[in-house]
Amino acid sequence: MSKNRRLEDLVSVGPATLEDLRRLGVRSVAELARREPRELYRELCRQKGRHVDICCLDTFAAAVAQAKDPALPAVKRFWWYWSRQRKKKV
C-alpha cells in the first residue's frame, strides 16, 4: 500500500462520507488514523443539529480501521462488518 493514500482511496468512503470527513476537519488518511469513529459520529450529529443515520458510525469505523492499518483484511474494510460488530455489543 502506498503511503500517499487519499481518503477517497479507502473502501466505503464515497462522496458523502468524504464530504462529512472534510466537514469534520479530516483532510488526510494520517489525520483520520488519529481520530475515533464514535467521536467523529457525535461531532457530525452535533454539527448537523440532528441524529445522523447510525450506519455513518459504521462507515467511520471502517475508514479509521483502514487508515490505521493499510493491510487491514478486506472484509474489515466494509461498513457492514463494523455494523455487525456494533450490533453484537448491544
Side-chain angles (χ1 to χ4, degrees):
M1 286 276 172
S2 167
K3 285 187 177 187
N4 297 321
R5 293 181 303 155
R6 300 172 306 156
L7 292 169
E8 54 267 33
D9 295 333
L10 302 176
V11 176
S12 295
V13 176
T17 301
L18 187 58
E19 183 179 321
D20 288 340
L21 289 171
R22 291 198 169 132
R23 178 183 193 141
L24 295 166
V26 177
R27 302 279 186 257
S28 70
V29 173
E31 288 176 21
L32 182 60
R34 294 188 297 268
R35 302 294 294 269
E36 179 61 41
R38 204 164 283 283
E39 290 174 17
L40 289 167
Y41 177 74
R42 283 189 201 117
E43 178 61 17
L44 184 63
C45 291
R46 188 193 68 73
Q47 284 188 20
K48 290 191 172 188
R50 63 180 173 81
H51 177 79
V52 176
D53 188 311
I54 193 69
C55 290
C56 189
L57 169 60
D58 305 328
T59 301
F60 287 157
V64 169
Q66 290 174 79
K68 289 181 177 182
D69 182 3
L72 190 71
V75 68
K76 293 183 178 181
R77 296 177 186 191
F78 293 95
W79 67 267
W80 53 83
Y81 169 86
W82 298 97
S83 182
R84 288 191 301 265
Q85 298 304 308
R86 175 178 49 78
K87 290 175 183 178
K88 284 181 186 177
K89 294 179 184 177
V90 174

Compare all side-chain heavy atoms of Asn4 with those of Asp9 and state whether any distance is below 4.5 angstrom.
-> no
Heavy-atom side-chain proximity of Val64 to Leu40 below 4.5 angstrom | yes
Ala67 backbone acceptor or donor facing Arg5 side chain under 3.5 Å | yes
Would you say the side-chain atoms of Gln47 pair up with the backbone N or O of Leu24, donor to acceptor, closer than 3.5 Å?
-> no
Do other residues, nucleotides or ligands put more than 12 heavy atoms under 6.0 Å from Arg27 CZ?
-> yes
Do Trp82 and Arg86 have side-chain heavy atoms sitting under 4.5 Å apart?
-> no
Any donor-acceptor pair under 3.5 Å from Ser12 side chain to Ala63 backbone = no
Going by heavy atoms in the side chains, are Leu10 and Leu32 under 4.5 Å from each other?
-> yes
So, do Lys48 and Asp20 sit near enough that their side-chain heavy atoms are less than 4.5 Å apart?
-> yes
Treat each ILVMFWY residue as a node, draw an edge where side-chain heavy atoms are under 4.5 Å apart, and state whether Val11 and Val13 are in one component.
-> no
Check whether any side-chain heavy atom of Trp79 sits under 4.5 Å from a side-chain heavy atom of Thr17, and report yes or no.
-> no
Do side-chain atoms of Glu43 reach the backbone of Glu39 as a donor and acceptor pair under 3.5 angstrom?
-> no
Within a strict 4.5 Å, meaning less than it, do heavy atoms of the Tyr81 and Asp58 side chains meet?
-> no
